[in-house]
Amino acid sequence: MPTETVAIIGSGRIGRGWAIVFARAGFNVNVHDANSEMLAGAISAIRDSVADLNGYGLIDEPVDTIVARVKACPDLAEAVRDVVLVQENIGEVADAKRTLFADLDRLTRPDTLLASSTSGLPTSSFTEGLEGQARCLVGHPVNPPSLVPLVELSGAPWTSPESIAKAREIYARAGQKPVTVNFEISGFLLNRIQGAVLDEAMSLYEQGYASAADLDTVMSDGLAMRWSFMGPFETIDLNAPGGLADYADRYGGTYQTIASERQPFTWGPETIKKLHDERRAILSKDEIEARSRWRDRRLMALLAHRRSLKSEES
Ligand SMILES: NC(=O)c1ccc[n+]([C@@H]2O[C@H](COP(=O)([O-])OP(=O)(O)OC[C@H]3O[C@@H](n4cnc5c(N)ncnc54)[C@H](O)[C@@H]3O)[C@@H](O)[C@H]2O)c1
């Protein structure tokens, strides 16, 4: 089978991450950016990130082999010619995405999938009326997609089931973990769940139940230990001898009481400022960049651990 090519449009944080995902899985990758400086810096930034992955034993080929699959294309038409998938990663502006998707619809083969990385715009807001609207969808990644495998697939009412199925297959082949959102909903799945957790953590903080640091510890040294490898349903299924229904019998009432006491957080500026100041006392603004790099190294170590478990289990 000839090597397939994908196009990455927009070479910021997310676009560069996607380029690594596809190149390390063996796809050829055409990267395009409207900003020539961004495009000029993309290949060397991708090389640095692939070298980091190599340092953690997370790639199976030499760095140069992977990076050689990535090509910078100043011309949009050339970037998207004969590709199986276009992954769009430009800024979060609906009008700009609408204009770009109209261009993509015109410039690509009718069987090319057109996917957006948008964090919050529904597919229907930038694809309505396009001739190829049935092949348009959101493929929402987590930052950075090269380290966190989830991708949420969400189509408009006019996206064909075949396009969703084909996208699932391509993302899975690229080593990602696709999930499908059955109907359009703001925030897709991940940000709705993250929003619920944030809402409660913020509210508990606002009411003075605990410090920001202790609430973070509840997640990092409590819930997230299991949640890094199993979801909330599997977690409760294993937390009662009779499984999920037994858990619901035992603790459903407690959760209902908690829900009835819940005070939704309104994102008020006073609480945000207090929380921000508490965070800055722990980590100064100057240290955020270095701590973000530390986070990425921790993610790489976690991925390496998961890979070693997978090979042990198989
Ligand atoms: N950053 C995150 O955590 C995150 C996570 C998931 C999804 N997303 C989504 O991914 C997309 C990109 O986010 P990002 O953080 O990489 O943004 P970014 O600002 O880092 O990069 C955007 C890039 O797109 C280029 N661009 C803008 N308009 C263009 C056009 N018409 N044609 C070609 N290139 C163009 C810009 O020059 C820039 O290099 C957004 O839709 C965002 O919502 C972001």
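Each ligand, and each atom within it, is numbered from 1 in the order the structure gives.
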Please lay out, stage by stage, how Y171 and W18 fare under the test ring pair (Phe, Tyr, Trp, His ring centres under 6.0 Å). CA-CA 10 Å; Y171 287 123; W18 273 124; 5.4 Å; yes

I'd like to know if D103 pairs up with R106 as an ion pair, taking the criterion as any Lys NZ or Arg NE/NH1/NH2 lying under 4.0 Å from an Asp or Glu carboxylate oxygen. yes

Judged by non-hydrogen atoms, does A96 sit under 4.0 Å from ligand 1? no

In terms of residue, atom name and distance, what is the protein heavy atom nearest to atom 42 (C) of ligand 1? S119 OG, 3.6 Å

Just say parallel, tilted or perpendicular for the rings of F27 and F22, cut-offs at 30° and 60°. perpendicular

Below 4.0 angstrom from a heavy atom of N35, which ligand 1 atoms are there? Numbered from 1 as shown, please. 37 (O)

Restricting to heavy atoms, the pick from I90, V31, I14 nearest atom 11 (C) of ligand 1 would be I90

Between T257 and S260, a side-chain donor and acceptor under 3.5 Å: no

Are K97 and ligand 1 in contact, using a heavy-atom cut-off of under 4.0 Å? yes

Just checking, any donor-acceptor pair under 3.5 angstrom between side chains of S124 and W158? no

Determine whether any heavy atom of L100 lies closer than 4.0 Å to an atom of ligand 1. no

For ligand 1, the portion of R13 having any non-hydrogen atom under 4.0 Å away: both

When you compare the side chains of T127 and Q133, does any donor N or O come within less than 3.5 Å of an acceptor on the partner? no

Give a yes or no on whether R295 atom CZ has more than 12 heavy-atom contacts from other residues, nucleotides or ligands under 6.0 Å away. yes

Return yes or no for this condition: an N or O of A34 is under 3.5 Å from an N or O of ligand 1. yes

Could you name the option among D33, V151, V148, T99 that has the heavy atom nearest to atom 37 (O) of ligand 1? D33

Is there a polar contact between ligand 1 and E88, counting only N or O atoms under 3.5 Å apart? no

If we number the atoms of ligand 1 from 1 as shown, the ones under 4.0 Å from a heavy atom of M38 are 39 (O)

Can you confirm whether K166 is buried at NZ, in the sense that more than 12 heavy atoms of other residues, nucleotides or ligands lie under 6.0 Å from that atom? yes

Near N143, which atoms of ligand 1 are under 4.0 Å from a heavy atom of that residue? 2 (C), 3 (O)

